[in-house]
Amino acid sequence: MTAKARRKTARPAKKAAAKKVDAPSPGPGERVWVLEVPFRAPAPGAKYYGDIKSHAYVGSSLPEELRLYAAKPYSYQQWVEDELNGTRGPAAEAAPKELRPEQLEGAAAIARAAEASFRGFCLSDDPGLGKTLSAIAGAKAVAQQRGGTTILVTVDRPTSITIPHWRASIAAVGDGGYRWLIISPDQLKKLIARNGRPRYRFDVVVNDEAHNFRHDSQRTDYQRRVTRHLDPPEKAPFVISLTATLGHHPGEWRYLSSLLAQVHREPPQRWDELGARLVELGVPLERYMGRWQWTAEAKASGRIQADAVARVRDAMTAAEPPVMLHRDAPWGQAPIDGLGVDLTVAERQQYEMEWGDYRREMQIARTGSDTARGRAALIRFRQKAGMIRAPHTADLVAATVERGYQCLVATEMVSTGAEPVADLLEARGIAVSRIFGGRRDAENERLRFQRGETRVVVFNTTSAISLHAAEHLADGSRATATPRIGFFHQPRYSGIAARQTIGRGHRDYQVCPWSLLYATDTVEESAATTMVDRLMVTSASVDGDTSALVSIARMFNADWIDQRAFD
């Protein structure tokens, strides 16, 4: 052995450095307050702790200046605070609500699936039918069956609206004495330990707007870990998936893959790559740029798509008992029509203008390169069309307000859609609630509209908020009974986003007609065609009523639509 080898052999092994624990630890007579401190907000005396991924204060009492950040019921902060102190924080309070018969029926269906040892249930009722209250009652029933104590709820954004909504709904139905945790998909990483495994074991998980987990993403990965997606059913939490829009095709139903595996009597690993397993079963899908999509033949045929959707869906609805339930809204589908806008010669010239010149003429702040090609060019054309049409939309909305309605204006883009429409309406003296851009209190803006303080709401939030007439608010009061009318200022390529948007006003037995606005002979007309096509498919995915869409679908693409495929 060489001297060099001997020196290397004789070198003592280094001891692995112990990981420093960065968590609050109370002393005698002290307790921990876990705080919800906004980004860069002053929090004197509080400290950020990496292990709990939150600020906390340790002491005998919480200082006055920190009480604004105190943990709210069912929040992540309260959950961790209870863990650290070995106590239970206060429950939320709200005016009580009685479940309607269809909500009781939904809760009972969830409980029957759990009693039959299924690992989950998908409630895909039309928007506004009451899935939230059904899920709360169903989750409590499942927890009682299993002797469990913990229930996790994931909600869509904006959390400034969705988390308070769920908190008030749980309080209105009653939390049953269970430990509830409400978080957004973006907060799921807080539930993952440094070793990549879940920090907590939940008995029931409710995924609201479950279609948020349809693609490969970090949030989907965290969701699958927290729900122990690949564990056998008896070792996994019972998962209640809530969505009126399962996906644009069955390959996007990834959040249901373990449940599909169970109804097919196969291990969850067999269905982990859902698209591949569906292709093996003959579903016409193909992988393109990392995502599954319909094959070219399926894209061209509503019949092929409807048959494929039905095959996958029926495996869940035909289970005994069923693990999927859809009910059409008893008050009918939302009436929807298309309103094309013919651009003037001057407007057409603006639309055709090179983006950099247009940006300078319209005084739009530069956000990147003025050169746009391919997909980016399509976005630029959509931006231009939406901004050029803003005065037309403002005229139409103002006239509708004068007729005595409250109006919903749905947009996708902010600077070239939401802001110009809202500014033009306010210039006319019409008060507007703005739920876009993140610069205002979204819940306060929503309540201003619901209480009639504003006659118009301009928003780009597609799901999980209520803007319908006569809503039962958390304080026991009611929103205005003024009829609502909705306008899509900008058509979307997503049928999921479109169907969810329609449900913001057309819900809870309140009818809200919608109009789809677009500039004729522009990229917007193509987007409108895609939106309507995908609306048909997303409705058919849950075997829903598509009759209200037939006339507008034929208006945009008569060769594609075949109503018999959706009967």
Side-chain angles (χ1 to χ4, degrees), residues 100-103 105-106 122-132 134 209 211 242-248 302 305-306 309-310 313 317 324-339 400 405-410 459 462-471 483-488 491-492 494-518 528-558 560-567:
R100 299 193 301 264
E102 62 268 19
Q103 292 169 326
E105 180 185 342
C122 178
L123 186 58
S124 60
D125 290 338
D126 272 359
L129 199 59
K131 294 187 291 294
T132 298
S134 289
E209 310 300 353
H211 55 268
L242 305 179
T243 178
T245 49
L246 296 179
H248 292 119
Q305 292 181 32
V309 165
R313 182 189 67 234
T317 57
M324 178 180 176
L325 176 65
H326 167 80
R327 275 95 45 94
D328 290 324
W331 54 97
Q333 297 299 295
I336 180 169
D337 62 359
L339 293 177
T400 306
Y405 293 93
Q406 285 184 252
C407 294
L408 288 66
V409 182
F459 66 106
T462 61
S463 61
I465 65 171
S466 295
L467 300 169
H468 60 286
E471 178 197 7
R484 273 51 164 173
I485 288 184
F487 299 95
F488 281 97
R492 292 175 172 266
S494 169
I496 291 174
R499 190 161 191 251
Q500 290 284 348
T501 299
I502 289 170
R504 299 314 94 215
H506 188 79
R507 58 193 297 115
D508 198 16
Y509 290 83
Q510 302 297 318
V511 175
C512 177
W514 282 83
S515 292
L516 173 58
L517 311 179
Y518 61 96
T529 300
T530 301
M531 171 179 147
V532 172
D533 286 354
R534 290 178 172 173
L535 261 175
M536 292 291 292
V537 175
T538 54
S539 296
S541 295
V542 294
D543 198 22
D545 180 8
T546 58
S547 59
L549 294 169
V550 174
S551 60
I552 190 173
R554 288 187 174 134
M555 168 185 165
F556 283 107
N557 199 343
W560 183 91
I561 189 64
D562 179 0
Q563 172 60 14
R564 291 172 300 171
F566 298 99
D567 287 340

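Nothing here was measured: the structure is a model prediction, and the numbers come from that model. Hydrogens, waters and symmetry mates play no part in the numbers below; they use all other heavy atoms, side chains included.
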- Can you list the steps and then say if Arg534 with Ser494 is a side chain to side chain contact (heavy atoms under 4.5 Å, CB included)? CA-CA 7 Å; Arg534 290 178 172 173; Ser494 169; 5.6 Å; no

Using every non-hydrogen atom in the two residues, find where [X] and [Y] come nearest and quote the distance to one decimal.
{"X": "Pro491", "Y": "Leu516", "result": "CB-CD1, 3.6 Å"}
{"X": "Leu325", "Y": "Gly106", "result": "CD2-CA, 4.1 Å"}
{"X": "Thr245", "Y": "Arg499", "result": "CG2-CB, 3.6 Å"}
{"X": "Thr501", "Y": "Ala410", "result": "CG2-CB, 3.5 Å"}
{"X": "Asp126", "Y": "His326", "result": "OD1-CE1, 3.2 Å"}
{"X": "Pro127", "Y": "Gly503", "result": "CB-CA, 3.6 Å"}

Kindly compute the distance separating [atom1] ([X]) from [atom2] ([Y]), expressed to the nearest 0.5 Å.
{"X": "Leu242", "Y": "Leu123", "atom1": "CG", "atom2": "CG", "answer": "6.0 Å"}
{"X": "Leu129", "Y": "Glu105", "atom1": "CG", "atom2": "CD", "answer": "9.5 Å"}
{"X": "Ser466", "Y": "Arg507", "atom1": "OG", "atom2": "CZ", "answer": "4.0 Å"}
{"X": "Ser541", "Y": "Leu246", "atom1": "OG", "atom2": "CG", "answer": "6.0 Å"}
{"X": "Arg484", "Y": "Thr400", "atom1": "CZ", "atom2": "OG1", "answer": "14.0 Å"}
{"X": "Leu408", "Y": "Phe487", "atom1": "CG", "atom2": "CZ", "answer": "9.5 Å"}

- Taking atom types as modelled and ignoring hydrogens, do the side chains of Glu209 and Gln500 form a donor-acceptor contact shorter than 3.5 angstrom? yes

- Message: Would you say Ser134 and Gln103 are linked by a side-chain donor-acceptor pair, where the criterion is simply a distance under 3.5 Å?
- Response: no

Spell out, as yes or no, whether a donor-acceptor pair under 3.5 Å connects the side chain of [X] to the backbone of [Y].
{"X": "His211", "Y": "Gly247", "answer": "no"}
{"X": "Asp328", "Y": "Gly544", "answer": "no"}
{"X": "His506", "Y": "Gly332", "answer": "yes"}
{"X": "Thr546", "Y": "Leu549", "answer": "no"}
{"X": "Arg504", "Y": "His468", "answer": "no"}
{"X": "Ser539", "Y": "Met536", "answer": "no"}

- Message: Less than 6.0 angstrom separating the ring centers of Phe488 and Trp514, yes or no?
- Response: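 Judged by ring-centre distance (under 6.0 Å), Phe488 and Trp514 do meet the cut-off.
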
Is there a side-chain contact between [X] and [Y], using heavy atoms and a 4.5 Å cut-off?
{"X": "Ile496", "Y": "His248", "result": "yes"}
{"X": "Val511", "Y": "Gln333", "result": "no"}
{"X": "Asp533", "Y": "Thr529", "result": "yes"}

- Task: Output, in order, the C-alpha distance, side-chain angles, deciding distance and verdict of salt bridge (charged side-chain N to carboxylate O under 4.0 Å, His left out) for Arg327 and Asp125.
- Result: CA-CA 5 Å; Arg327 275 95 45 94; Asp125 290 338; 2.8 Å; yes

- Item | Residue pair Asp508, Arg100: steps toward the salt bridge (charged side-chain N to carboxylate O under 4.0 Å, His left out) verdict | CA-CA 10 Å; Asp508 198 16; Arg100 299 193 301 264; 2.6 Å; yes

